[in-house]
Every structure is written in structure tokens, then in C-alpha cells.
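For reference, the structure discussed in these notes is given below.
Every number for a ligand or one of its atoms is a count from 1 in the order of the listing. Hydrogens, waters and symmetry mates play no part in the numbers below; they use all other heavy atoms, side chains included.
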Amino acid sequence: MAIQRASVMASAPDIVHRENALADGTSHWFRRGFGQAREAYILFPLLAVLLLVVIWSGTLYLIKVEQARAQQAIAEASLEVGATYEAQILRAVREIDQTLKLVKYTYESERQPNPLPKLKARALLPSPYLFDVSVVDASGRVVASTQPSEAGSRMAKDELQTLGPDTALSISRPWKSPVTGEWKLRFSRRLDGGEGAFAGIAMVEVDAAYFVSSYDASKLGDHGLLGLLGTDGVFRARRSGEEVSAGDSIDYATVVPDTENTEAVRTTNAGDGVWRYTSARQLYDFPLAVIVGLSEEEQLATVNQQARTYLWRAAGGSLMLVLLAGLLARMSWQLVQSRLRAGEAKIAYAESVEYLAYHDGLTALPNRSLFSKLLSQSIREASRYDRQLAVLFLDLDRFKQVNDTLGHDAGDQLLKEVALRLEACLRGSDTVARLGGDEFVILLPELSQDHDVATTAQKILTAIARPFNLQGQEFRVTASVGISVFPQDGLDEQTLKKNADIAMYQAKQCGKNNFQFYSAKLNADSLERLTLELSLRHALERQEFQLYYQAKRDIPSGQITGMEALLRWNHPDLGIVAPMQFIPVAEETGLIVPIGKWVLKTACRQNVAWQRQGLPHLGVAVNLTARQFADENLLTDLAEILAETGMDARLLELEIAENLLMQDVKRALGVLTGLKRLQVRIAIDDFGIGYSSLSALEQFPLDVIKIDRSCVCDISSVSEDKALTEAIIAMGRTLSLTVVAQGVETKEQADFLRDNACDEFQGFYFNKPVPADQFKLLLQAQAADTGLGT
Ligand SMILES: Nc1nc2c(ncn2[C@@H]2O[C@@H]3COP(=O)(O)O[C@H]4[C@@H](O)[C@H](n5cnc6c(=O)[nH]c(N)nc65)O[C@@H]4COP(=O)(O)O[C@H]3[C@H]2O)c(=O)[nH]1
């Protein structure tokens with residue numbers, strides 16, 4: 001079959017075009033599918049990436065802006081705290097200095113070595129809990145002190161010497177109290193004796209922690225910084241959280257700006273590694289500077305927390321976006337996939353429909369439609385390239401026998417096997433098609449000589465003649481092949497096929513199992529007969545048959561007592577064709593069997609219809625030919641028809657030719673007995689031309705004898721016919737049969753038959769065969785007359 005299909009497709013541009021269309025459809029589906037895949041795999045992820053970029057850049061920008069704003073706020077807060085701190089320190093240092101100046105003044109003006117009691121009495125000394133006020137003489141001995149433990153103690157001489165010459169307020173470096181372990185600071189002023197001689201110092205000692213006691217954790221946090229720095233770069237006091245320290249030094253110049261425009265600087269302290277926004281300012285009157293630092297981490301904690309919230313939200317949003325994009329992409333892809341699958345299913349369906357439309361279901365060979373297309377195409381090519389082509393019609397000779405004896409399955413198996421053998425005999429460029437039944441047609445599109453065709457035809461006959469193994473039995477069939485060649489036997493598809501068909505029938509006529517070329521020399525009769533036979537094959541399905549009815553009348557009363565159904569063929573070209581022309585052909589081909597069934601059914605149906613219309617219940621006679629009579633299904637078919645139409649069997653009469661009974665008396669008796677069992681009436685048709693004896697007829701269950709028209713024709717003039725007719729009437733009476741004379745054309749014939757007591761007559765003298773509607777008028781007219789008469 002592969003070769004066959006390839007040739008089919010190669011030879012049929014329109015089929016190929018359709019296949020291309022299907023292929024185009026396929027690529028179209030793929031293109032669409034790809035476009036949608038792009039939508040699924042690029043568009044959604046792309047959109048998602050864009051949105052991610054927007055989300056993240058927006059989030060980061062927001063965080064950056066908020067952080068910058070917060071940093072600005074920290075710097076400002078640092079400056080603000082610094083300003084406050086500066087004011088506090090100034091106030092504290094001035095208060096200390098004020099005390100020292102009072103002590104100095106009192107000492108120097110009143111020459112009292114211990115002015116402290118007097119000042120204390122006047123409440124001019126600061127709180128003894130915070131400040132220790134002392135007077136030290138030139139030798140370094142503490143001559144007076146608000147701290148009793150200090151009185152009498154000595155200061156180191158070298159320390160005293162550094163203080164001595166200085167007239168300004170002196171602020172010592174911090175030191176740790178050996179008693180309390182706390183950091184201490186000493187503020188002092190020189191005391192002058194007479195004539196400006198160095199008399200000692202007045203001093204105030206303070207806990208260094210006092211200067212950082214204003215550390216406000218709510219503003220400075222745990223890692224803020226509050227510091228009092230000497231211009232020598234040494235911290236007099238320093239506090240961060242709860243931790244107070246002093247004494248460590250830094251580069252003063254880098255920390256404290258020498259301008260009025262102070263600003264907070266982000267720095268880190270090497271000691272604790274904390275990044276702070278630090279502002280520093282030098283005290284205007286004293287060699288001191290204040291430093292305030294706000295921990296970046298602490299101050300930005302809220303903003304950073306906010307930033308983290310933003311980041312989490314962005315991350316959450318991103319995750320949802322990615323999931324959504326993934327989901328959409330997946331759904332879109334699944335949609336595309338399902339569309340692709342649906343498209344593929346459509347294509348597969350279209351292909352299968354296309355295939356079924358152009359191929360035979362049983363053998364998978366091209367069918368009639370596809371063959372026609374291929375043949376037309378090949379004719380066009382052959383005429384363009386001036387080539388010959390051949391059409392071979394093949395019919396199996398004994399196919400019906402296989403079907404009847406082995407059954408339809410075996411018939412199907414045979415047809416499949418025949419298809420395979422035919423293909424094996426052909427080239428790749430040839431085509432074999434099945435037209436239906438056991439008919440095959442072959443196209444040989446590339447002929448070099450006629451000889452090629454004969455060789456192929458012979459090869460085919462030989463292949464088919466080989467035995468077939470059907471259901472375990474060896475079976476032989478032969479084939480008849482008719483050949484027509486383009487251009488000599490026809491220029492178009494129809495003519496070539498018709499002529500190949502005619503040639504095939506010639507092959508059948510010539511004894512089957514042979515091939516015949518179509519020849520224009522076929523004699524006109526056989527051509528006409530063959531043409532008739534060809535169209536007769538389709539007459540039934542094309543509903544070209546019609547029944548006429550001829551009345552049978554009772555001779556004494558002249559009343560219509562029955563009718564005979566007579567077949568007419570309305571040929572589309574030839575007009576009404578007489579039964580004598582086509583019944584023999586139908587008989588010979590076997591077509592009479594289905595045609596006869598149609599006649600029986602139609603006659604019964606019509607009869608029942610007339611009865612139902614209130615017309616008299618009259619019998620109808622139907623003719624049977626030899627083939628019908630020999631048909632083994634006759635009785636069952638008849639029973640079915642009677643049941644189906646509801647016909648009263650007693651009103652049905654079957655006309656059987658006299659000679660049919662005599663050919664095989666035993667079998668005829670069996671069939672007639674069967675018919676009688678069905679209660680059907682039986683008439684011997686055309687009686688008188690054969691030579692049946694009375695005794696021969698006696699054995700059959702007959703009801704009617706119909707005298708042949710040829711006897712009736714000359715009864716008035718030819719004495720032999722007159723005698724024969726009288727004898728038949730007498731014989732019929734003896735056998736108690738109804739005697740019907742047919743072909744009555746004249747009054748003389750009618751009178752003769754009446755005089756001789758014939759029962760019924762039928763002939764043109766009374767009625768010609770007419771279509772059913774006209775015959776109905778006759779029945780109605782008679783019914784009306786009878787009604788009047790009674
Ligand atoms: N010259 C002349 N002829 C008359 C006269 N009266 C009737 N006929 C013709 O004689 C034939 C009578 O039918 P048949 O002998 O059975 O002969 C029939 C019958 O054998 C056969 N036939 C007709 N219809 C059928 C049918 O449905 N089935 C079968 N198997 N055979 C049929 O074809 C034969 C011819 O039928 P038809 O052409 O219809 O011819 C009919 C009828 O038209 C007359 O007065 N003069």
C-alpha cells in the first residue's frame with residue numbers, strides 16, 4: 001500500500017494541495033503555538049522582572065531617602081545636645097572659677113590663711129558634696145579644706161610648680177582618687193602674697209563624673225558619647241551609657257573645629273568601634289571643649305527597622321510576583337499546549353476524514369472519487385506530453401459464489417487478497433482502485449506500447465487465477481479484464497471508463513478469465529446491449545422503474561376481475577424501454593432477482609393501497625422469469641414481502657412460463673408446493689406454444705392457465721389456432737382451472753372466446769396496460785357503475 005499511496009499523492013495535485021493545506025495548517029498551528037509560548041515564557045517573566053526592578057529600586061530609594069533624612073536629623077540632634085551640654089559645662093566651670101576667685105580675693109585682701117570658714121559662713125562656698133575647696137600654701141601643704149580629710153595633706157611639689165606661675169584658671173589632668181577610685185579633676189588659681197610673691201593656690205576638686213552627669217540616655221542611648229576635652233587633647237571626663245572614663249587622649253585639632261561653624265561628623269572611635277555623629281565645640285573662656293556623639297546604629301534603629309520592613313515587604317511582594325508570573329506562565333503554557341493538542345486532534349481528524357473520503361474501507365485502496373481525480377489528472381498530463389495511458393476494468397468471475405457459499409467474511413478476505421495481488425503486479429506509478437463489490441479499476445499512466453498493457457493484464461489474470469486460501473479452504477476465482485487506451489479509445493475520463501467497462505463485458509462474453517481491448521468495431525447490437533446492461537445496473541437505485549397495470553375481465557359480465565402488473569423502464573435517454581428488450585438482459589445478468597423483488601413489493605403495496613382506498617379487492621398477477629423461479633430465496637423473499645406489505649396472499653398470482661415447469665419437474669413441483677403453502681395463486685403463462693400434455697400439467701398445483709397471445713391472434717381465421725384454443729379451454733375446465741385468454745385485440749376474438757366459455761380475457765380490445773393512477777380511475781369507474789347497477 002505504501003507504493004500505492006505514494007503514487008496517489010504524487011499524481012493528484014488537488015489532493016496534494018489539500019495535504020499541503022493540512023501541512024500549512026500544521027505549521028500555522030506551530031507558529032501560533034510558538035507565539036503563545038513566547039507570551040508564556042517571555043512576556044510574563046519579562047513583566048515580572050520589570051515589576052521587580054520597579055519594586056526594588058523604589059524600595060531602596062525610599063530607604064535611602066529616609067536614612068538620609070534620619071542622618072540629617074541625628075546630626076542636628078547632635079548639635080542641639082552639644083549646645084545644651086556646652087551651656088551646662090560653662091555654667092559649672094564658671095561656678096567653680098567663681099568660688100576660686102572668692103577664695104583668692106578673700107585670701108589676698110584679708111590676708112587670712114584660711115578664708116574658707118568665713119566664706120562658708122556667708123554661704124559662698126559650693127556644696128561640699130560635689131566640690132572640695134582647699135587652700136594650699138607655697139610649700140604644698142593643704143592649709144584649709146572643706147573636706148576635713150584633705151587638711152594637712154601635701155601636694156606634690158612638681159605639681160604645685162606647674163600651677164604656681166599661672167595666673168589663669170588651671171584645670172588639671174584627671175586622676176583617680178586613691179580612696180574612692182573615682183576620676184577627679186582639680187581647678188585652681190594662684191594665691192599671691194605680699195608684693196606678688198607666690199603664696200600657694202586655691203583649688204576645687206570635683207568628681208570628673210560630675211561633668212558628664214547630664215548624660216540623658218533617652219537622647220544619647222546606650223552608646224552615645226558625652227565628653228569634656230582639654231585643649232591638650234586629654235579627656236577630662238567621658239561617658240558612654242553607664243561607663244564613665246577619663247584620661248584618654250585624642251588629636252584635639254582633628255576633633256574640634258577651630259571655626260564657629262560646628263557641624264556633626266560621622267566618625268568612629270577606635271576604642272569601641274561605634275560609629276557616631278559627633279559634634280565638638282570649644283568653650284569660649286576655658287581651655288576646654290565639649291564633645292557629643294550620637295550612635296549611628298542606635299539613632300538609625302527605627303529607620304533601619306522601617307527599612308527592614310520595607311525590604312521584607314518588597315521581598316514578599318517579589319515572591320508573590322514571581323509565583324504569580326510563574327503561575328500565569330504555566331497556565332498560559334498549558335493553554336497553548338491544550339490548543340496545540342486540540343489543533344493536532346483537528347488535523348488528525350481532518351486527515352482521517354480526508355483519508356476515508358478517498359479510500360475504500362475494506363482494502364484501503366483509493367476509491368472511485370480518488371480514481372476519477374487521478375485519471376483526470378493523468379489524462380491532462382498524457383495529452384500535454386503526447387503520451388498514452390490505459391484504464392483496466394477488472395471484475396471477478398466467481399465472486400458471488402464465494403460470498404454465497406463461504407459467507408461475507410470470506411468474500412471480504414478474498415477482496416483484500418485480490419487487492420494485494422493487484423498491487424504486486426503494478427509499478428509504483430500505477431494506481432489500483434476499488435469501485436465497489438468485486439470491481440477494480442487500474443490506471444497505467446505511462447505507456448510506451450500497447451504491449452505493456454497486455455503484459456500487465458496477463459500478469460494480473462495469472463495472479464488472480466492462483467488459488468486463494470479462504471477460511472482454510474483452497475478456492476479459485478478468475479477475472480475478466482477490459483482495457484481502454486487514451487487517446488484512441490476516449491479523450492475523457494467518462495469515455496475511457498465506459499469503454500473499459502464495455503471491453504470487460506466483452507471479456508465476460510468471451511468466456512471469462514481473459515482480457516479484451518476496447519474496439520470500436522464491436523457490433524452495434526452488442527454495443528447497444530452492453531450499453532443497456534450498463535444502465536440497467538443503476539436503474540433500480542435511480543428509481544427508473546414503474547409498474548403498469550392491465551385489466552383482466554370476466555367474459556360473461558365484462559367486469560374487471562383482476563390485473564396484471566407489467567414492468568416499464570423509464571430510461572433517461574431512451575424513454576420507455578419495453579420489457580422484452582431489457583428483461584432478457586436482466587435475466588442473463590441476474591439483475592432480474594432484485595428487480596423482480598421490487599416488482600412484487602410494489603404491486604402488493606399498490607394493491608393494498610387500493611383496497612384501503614375502498615376499491616374492490618382484486619387479484620394482481622406478477623410475472624416470474626426462470627432465474628427468479630430458480631432463486632432459492634424466492635419463498636422467503638415472498639413471505640417477507642407479503643408480511644411487510646400486508647398483502648392477502650390469495651390475491652397475489654404468480655405467472656410462470658410453461659417451459660419452466662417442464663425443465664426440472666421435481667424442483668418445479670417443490671417450488672409450486674411452497675408457493676401454495678403461502679396461499680399464493682399460480683398461473684401458467686403463455687400456454688399453447690409449448691407442448692405440455694394434460695397429464696403433465698395435472699401434477700402441478702395450478703390455478704390459472706393463460707392462453708398465449710399467438711394462439712388468440714388468429715383464432716378467427718386460422719382453424720388450427722381455433723382448435724388449439726378450444727382444446728386449452730376444455731382442458732382447463734377439466735382441471736378446474738381458470739382460463740384466461742390474453743392478447744385479445746378484436747371483437748371477433750372476444751366473441752369467439754365468449755362463445756367457447758373462456759373465463760377471462762385480457763387485451764388491447766378492452767384495456768391497454770396503464771400506469772397505476774389511470775388504472776385506479778378504471779376501478780373507480782367500475783365501482784361507480786356497479787353501485788348504480790345494484
Ligand atoms: N400485441 C398485444 N400485446 C398485448 C395485448 N394485451 C397485452 N399485451 C402485452 O402482452 C404482454 C403480456 O405479458 P406477458 O405475456 O406476461 O409477457 C411479459 C412478461 O413476460 C414480461 N414482463 C413484463 N413485466 C414483467 C415483470 O414485471 N416481471 C417479469 N419477470 N417479466 C415481465 O415481459 C413481457 C412483455 O410485457 P409487455 O411488453 O408489457 O407486454 C404485455 C402486454 O402489454 C394485446 O392485445 N395485443
Which of the ligand 1 atoms, numbered from 1, are nearer than 4.0 Å to a heavy atom of [X]:
X      : answer
Val744 : 45 (O)
Gln628 : 30 (N)
Thr625 : 30 (N)
Glu655 : 16 (O)

Considering only protein heavy atoms, which is closest to [atom], and at what distance to one decimal place?
atom                    : result
atom 12 (C) of ligand 1 : Gln742 OE1, 4.0 Å
atom 35 (C) of ligand 1 : Met580 SD, 3.5 Å
atom 15 (O) of ligand 1 : Asp686 OD1, 3.4 Å
atom 6 (N) of ligand 1  : Gln550 NE2, 3.0 Å
atom 9 (C) of ligand 1  : Arg709 NH1, 3.5 Å
atom 18 (C) of ligand 1 : Leu566 CD2, 4.3 Å
atom 45 (O) of ligand 1 : Phe764 N, 2.8 Å
atom 46 (N) of ligand 1 : Glu745 OE2, 2.5 Å

Does the side chain of [Y] come within less than 4.5 Å of [X]'s, by heavy atoms?
X      : Y      : value
Val441 : Asp501 : no
Leu567 : Trp598 : yes
Phe440 : Leu415 : yes
Gln581 : His571 : no
Leu652 : Val620 : yes
Leu532 : Leu574 : yes

Give yes or no for whether the N/O distance cutoff of 3.5 Å, strictly under, is met between Gln762 and ligand 1.
no
Atom of Lys676, atom of Arg681 and distance for their closest heavy-atom approach:
NZ-CA, 4.1 Å
Could you tell me which residues satisfy side-chain hydrogen bond (donor to acceptor under 3.5 Å, both in side chains) with Asn570, sequence neighbours excluded, listed by chain and number?
Gln546
Please evaluate residues Lys552 and Glu653 with respect to the criterion salt bridge (Lys or Arg N to Asp or Glu O under 4.0 Å), reporting the C-alpha separation (whole Å), side-chain torsions for both, the decisive distance (0.1 Å), and the verdict.
CA-CA 12 Å; Lys552 282 195 284 184; Glu653 188 174 292; 2.9 Å; yes
Tell me, please: is [X] in heavy-atom contact with ligand 1, that is, under 4.0 Å?
X      : value
Ala578 : no
Glu564 : yes
Lys706 : no
Glu587 : no
Pro769 : yes

Determine, considering heavy atoms only, which of [options] sits nearest to [atom].
atom                    : options                : value
atom 22 (N) of ligand 1 : Ile595, Val622, Asn623 : Asn623
atom 32 (C) of ligand 1 : Val599, Leu567, Ile583 : Ile583
atom 33 (O) of ligand 1 : Ala741, Pro579, Ala603 : Pro579

Kindly state if atom 38 (O) of ligand 1 has a protein heavy atom within a strict 4.0 Å cut-off, that is, under 4.0 Å?
yes
Applying salt bridge (Lys or Arg N to Asp or Glu O under 4.0 Å) to Arg434 and Asp360, what does each step give before you reach the verdict?
CA-CA 7 Å; Arg434 180 173 170 234; Asp360 170 46; 3.1 Å; yes
In terms of the angle between their ring planes, are Trp569 and Phe582 parallel, tilted or perpendicular, with boundaries placed at 30° and 60°?
perpendicular
Just by distance, with hydrogens left out, do Asp685 and Gln742 show a side-chain donor and acceptor under 3.5 Å apart?
yes
Side chains of Glu760 and Thr738, donor plus acceptor under 3.5 Å
no
To the closest 0.5 Å, what do you measure between OH (Tyr549) and CG (Asn607)?
8.0 Å
Using heavy atoms and a threshold below 4.0 Å, how should the contact between Arg568 and ligand 1 be classified: side chain, backbone, both, or neither?
side chain
